[in-house]
Participant: 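Handing you a structure now.
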Amino acid sequence: MSSFIVPLMPKKKTVRSLEHLCLEYVADNIEIWAKDYTSGDRDGQHSHDPMGPFTALPVFLVQDLYRLVRKKRGLTPAMLRLFLVPQLMELDFRYFAPKLNNSEAQIVALHCKRLTTLDLFYCSELSAKTLTDLIRGLPSLVKLGLSGTQCNTQVLITVRSCCPRLRDLDILSCHKLSSDSLLHLVYDPVGATFCCQTLVHFMASRSLHDTPKEDYIPIVAFVLLALPNLKQLCHDFMAEAVALIHDQQFDRAQVPPGFPSLEMLARRCRTFSLPGQESTRPVLGLREAHNINESFLSRVGAMCPHLEDITVILRGRPGWSTCFSSCRSITELSLCAMDYMDLRALLPVMESLGPQLRTLSLSNFCFIDRFSFHALLRHCVNLRKLSIYFFSHVPYNRFVEEKPDFEDLDWDLNLPPCQFPQLCDFSLTYADMENRLPFAHVWLLRQSLQDLLTHSPRLETLELARLPFDLDQLFLKVLLPPGMALLRLKKVTFAEVYVSLSTMHLLIFAENELSHLRLLLCSDIHRLDYERILERIRLEGFDLEVEWG
């Protein structure tokens, strides 16, 4: 029996469950609930229920309602007070107001002892003592965010003592931390014991205190060696610290008195390549490493053989591509060129790593050889996510036309199309606003993009920005019946591209799952076009959000 794909239609507005409708009703009227409750508190009417009206709700409903209110309208202090109940598992102040104050933090510590996730992102009003008391009262924490708070060494000592299950810790931009605060987090000098051994993801930043870089690097190396389960360390000096451990220059790297030496820590975590034979250097268990300068890449790869996700800053030194030879486990790769590197220089790396990559992000590249873009795609056919940010290689020409001529883009070089059976997320941005891409490059770029869209059956998210050619003909060919392209498409962003209203209607009413469409600074889509799109969506009853600007 031959297999076939059942075509999907654009999503109609669905009838929500009774449970969801009830939650939306409460969320829409939450201000009334909060006002009634707080006024009742002043009158003493709720003294029998000091924790609020949501104490009887199951855990999942409290958490769902909390997220829904945050998404729909944001929380006021009075609304927040309603959610501080024992069932609450997650409390997140990242990128939203109000921020927690000292009195509310005391309520959290008293009522929300089951919290597993707490993110106090820039809750800068909380004193160090309040943070200490709060953390001491939350023994179930698995994820803790203290970024931008008054966190100091004593707070970290409390973390190491009172959070036995902690896996994720964020202490970025905590200006009251000193350089050796990290040591007190991972080691107790009094008990001579290592702490926070369950920590997996750790984000920290350099102290603002006047600590020289050469004194800070050994401290970061100490953290790497002291935490056996660490998979990610986000720190400015992470690569330098790994290089220090690799080179074993421990005699020049001193740590403060009362803490074990780096040499002792290195002996503690060395592995054995064969029974009875000690390896010459320890192996780190990091799975992620970001913002690595290419000069450290070979040593980071040698010390961290299990790396899966890595971001590398390329400066184009001779032989840089050979540094990837030790990075055999990478599945997520981000490369950022500092000086507009030729895309062709990446081909040896992609030939080696491309088939195993699931995510690839390229920034600040140009393709001098017009076929290099297509060649790159052919090496990376197993990608699930691809993002490319590229420039032109030709110098600025002030006499080029403002809008390129698209009439002659009808060559046919019979390039073999690339198949992308796993690709779900694709972003392509032409970042060069001043320089025009040569005609042959434009044609091959458009042809490669057309092939990619046609042969990516799982594509869900698409973002195209500032591309130097008209998208109308491209999408007309991609969606031309009886083709089966873009059936799973859900989110589309067009930014500063040449695309017309006809293509919008083609996309919206094609067979897909489109639920979000963003049209940003598209010169051929005007306010009237936007309103026509909204009107037709309303008439058809589609569950589709359109953003225009």
Side-chain angles (χ1 to χ4, degrees), residues 287-290 292-302 304-391 393 413-430 440-441 443-456 458-459:
R287 297 296 195 273
E288 297 182 37
H290 300 292
I292 306 299
N293 193 298
E294 67 181 34
S295 60
F296 294 105
L297 181 58
S298 60
R299 285 176 285 181
V300 170
C304 310
H306 307 297
L307 275 178
E308 299 170 355
D309 183 353
I310 187 169
T311 303
V312 184
I313 300 172
L314 299 177
R315 301 182 184 276
R317 299 191 317 164
W320 66 268
S321 61
T322 60
C323 296
F324 286 91
S325 59
S326 59
C327 303
R328 307 311 306 172
S329 300
I330 293 177
T331 58
E332 300 184 41
L333 177 62
S334 297
L335 300 175
C336 179
M338 297 302 294
D339 299 311
Y340 306 144
M341 185 179 294
D342 183 5
L343 198 65
R344 183 170 43 187
L346 296 182
L347 296 183
V349 177
M350 293 301 108
E351 185 175 5
S352 173
L353 295 180
Q356 71 192 45
L357 292 180
R358 299 296 177 265
T359 298
L360 177 62
S361 176
L362 304 176
S363 299
N364 297 344
F365 286 87
C366 60
F367 49 105
I368 298 175
D369 180 350
R370 60 186 179 178
F371 292 99
S372 57
F373 183 79
H374 184 267
L376 174 85
L377 295 180
R378 294 194 66 186
H379 288 308
C380 306
V381 294
N382 295 316
L383 288 173
R384 296 174 184 169
K385 183 175 182 179
L386 174 60
S387 175
I388 301 177
Y389 189 90
F390 71 102
F391 287 78
H393 67 279
L413 299 183
N414 293 317
L415 292 175
C418 302
Q419 308 282 334
F420 298 92
Q422 306 299 325
L423 190 65
C424 296
D425 190 324
F426 176 63
S427 173
L428 182 63
T429 300
Y430 179 57
H441 291 65
W443 187 91
L444 284 165
L445 178 65
R446 194 189 74 165
Q447 186 61 45
S448 298
L449 178 59
Q450 180 179 318
D451 289 341
L452 183 146
L453 296 179
T454 303
H455 300 290
S456 300
R458 295 180 180 270
L459 192 65

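Heads up: numbering here begins at 1 and tracks the sequence.
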Participant: Would you mind checking if E332 and R358 are paired as a salt bridge, meaning a charged N to carboxylate O distance below 4.0 Å?
Facilitator: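 Not counted as a salt bridge, because no side-chain N and carboxylate O are separated by less than 4.0 Å.
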Participant: Are side-chain heavy atoms of F373 and I388 found at a separation under 4.5 Å?
Facilitator: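 Yes - at least one pair of side-chain heavy atoms lies under 4.5 Å apart.
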Participant: Can a donor-acceptor pair be found between the side chains of H290 and E288 at a distance below 3.5 Å?
Facilitator: yes
Participant: Does some side-chain heavy atom of D425 sit less than 4.5 Å from a side-chain heavy atom of L386?
Facilitator: no
Participant: Walk me through it: do L353 and R328 pass the test side chain to side chain contact (heavy atoms under 4.5 Å, CB included)?
Facilitator: CA-CA 8 Å; L353 295 180; R328 307 311 306 172; 4.2 Å; yes
Participant: Is there side-chain contact between F426 and L459, with heavy atoms separated by less than 4.5 Å?
Facilitator: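 F426 vs L459: side chains touch.
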Participant: Measure from the side-chain N and O atoms of S352 to the backbone N and O of V349, and report whether any donor-acceptor pair falls under 3.5 Å.
Facilitator: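 Checking the backbone N and O of V349 against the side chain of S352, no donor-acceptor pair under 3.5 Å is found.
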Participant: Would a distance-only check, ignoring hydrogens and angles, find a side-chain to backbone donor-acceptor pair under 3.5 Å from Q419 to S456?
Facilitator: no
Participant: Taking C-beta and beyond as the side chain, do S295 and R317 meet within less than 4.5 Å on heavy atoms?
Facilitator: yes
Participant: S363 versus L335: any side-chain heavy-atom pair under 4.5 Å?
Facilitator: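 Side-chain contact under 4.5 Å: no.
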Participant: Given side chain to side chain contact (heavy atoms under 4.5 Å, CB included), test T311 with I292 step by step and report yes or no.
Facilitator: CA-CA 6 Å; T311 303; I292 306 299; over 6 Å; no
Participant: Which one of N293, L314, N364, I313 satisfies the side chain to side chain contact (heavy atoms under 4.5 Å, CB included) criterion with M338?
Facilitator: I313
Participant: Please name all residues satisfying side chain to side chain donor-acceptor pair (under 3.5 Å) with R287, sequence neighbours left out, ordered by chain then number.
Facilitator: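 Result, side chain to side chain donor-acceptor pair (under 3.5 Å) vs R287: none returned.
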Participant: Would C418 and H374 satisfy side chain to side chain contact (heavy atoms under 4.5 Å, CB included), going step by step from the backbone distance to the final call?
Facilitator: CA-CA 8 Å; C418 302; H374 184 267; 4.0 Å; yes
Participant: Indicate yes or no: at least one non-hydrogen side-chain atom of Q356 is less than 4.5 angstrom from one of C380.
Facilitator: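 Sidechains of C380 and Q356: no contact.
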Participant: Within this structure, what is the CZ-OG distance for the pair R370 and S448, rounded to the nearest 0.5 Å?
Facilitator: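 Here the interatomic distance stands at 12.0 Å.
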Participant: Roughly how far apart are L452 CG and L428 CG, rounded to 0.5 Å?
Facilitator: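 These two atoms lie 9.0 Å from each other.
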Participant: What I'd like to find out is whether the side chain of L444 reaches to under 4.5 Å of the side chain of F367, using heavy atoms alone.
Facilitator: no
Participant: Going from OG on S361 to CG on L333, what distance comes out if it is rounded to the nearest 0.5 angstrom?
Facilitator: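 Taking OG in S361 and CG in L333, the distance rounds to 8.5 Å.
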Participant: Might you point out which heavy atoms bring P305 and S329 nearest each other, and give the distance in Å?
Facilitator: O-OG, 3.2 Å
Participant: Please round to the nearest 0.5 Å and tell me the distance separating atom CG of D342 and atom OG of S372.
Facilitator: 6.0 Å
Participant: Among pairs that include at least one residue of residues 313-332, which meet ring pair (Phe, Tyr, Trp, His ring centres under 6.0 Å), considering only residues two or more places apart or in two chains?
Facilitator: none
Participant: Do Y430 and F390 have ring centroids that are under 6.0 Å from one another?
Facilitator: yes
Participant: Between the side chain of E294 and the main-chain N/O of G316, is any donor-acceptor distance below 3.5 Å?
Facilitator: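 Pair found, side chain donor or acceptor close to backbone of G316.
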Participant: Could you tell me if the side chain of T331 sits less than 4.5 Å from the side chain of D309, heavy atoms only?
Facilitator: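 D309 vs T331: side chains apart.
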Participant: Which atom names give the shortest non-hydrogen contact between H441 and I368, and what distance separates them?
Facilitator: NE2-O, 3.0 Å
Participant: Evaluate the side chain to side chain contact (heavy atoms under 4.5 Å, CB included) criterion for residues T359 and L383: first the C-alpha distance (whole Å), next the side-chain angles of each, then the deciding distance (0.1 Å), finally the verdict.
Facilitator: CA-CA 6 Å; T359 298; L383 288 173; 5.6 Å; no
Participant: Taking H379 for its side chain and P355 for its backbone only, find out whether a donor-acceptor pair lies under 3.5 Å.
Facilitator: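 Side chain of H379 to backbone of P355: no pair is present.
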